[in-house]
Amino acid sequence: MGITIAKLEQLNDYVCYIDTGYNRIDTINMLRKMYPRVDFEKQKICIILLEKIEPPKPKQGTLFN
């Protein structure tokens with residue numbers, strides 16, 4: 001898990017591909033189009049990495065074991 005705070009122009013291809021499936025330029029253009037009122041020259045964004053935790057397996061395999 002981790003949190004990074006950055007400006008839009010600081011995004012790199014790696015983060016963009018993981019988050020959107022698009023390269024850096026396409027991701028930045030997409031965000032600017034999605035949020036036209038946001039001044040990304042001043043606005044910072046949070047990049048949050050989450051880890052999926054599997055729930056514990058039940059002790060009983062099936063209903064009639």
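As the structure is a computational prediction, the values presented were derived from the model and not from experiment.
Few gaps surround CZ on F40; more than 12 heavy atoms of other groups in view lie less than 6.0 Å from it. Atom OH of Y17 has more than 12 heavy atoms from other residues, nucleotides or ligands within 6.0 Å.
Atoms CG and NZ, from L50 and K52 in turn, are 12.5 Å apart once rounded to the nearest 0.5 Å.
Cluster membership for I28 and M30, using ILVMFWY side-chain heavy atoms within less than 4.5 angstrom, is shared. Taking hydrophobic clusters as Ile, Leu, Val, Met, Phe, Trp and Tyr residues chained together by side-chain heavy-atom distances below 4.5 Å, Y35 shares a cluster with V15.
Nearest heavy atoms, T27 versus C16: OG1-CB, 3.4 Å. Nearest heavy atoms, K7 versus E41: NZ-O, 2.8 Å.
If you run side-chain contact (heavy atoms from CB on, under 4.5 Å) between I47 and each of I5, L11, I3, only L11 comes through.
In this structure, the side chain of D13 engages the main chain of R24 through a donor-acceptor pair within 3.5 Å.
Within the 4.5 Å cutoff, the side chain of D26 has no heavy atoms near those of the T20 side chain. No side-chain heavy atom of Q43 sits under 4.5 Å from any side-chain heavy atom of L8.
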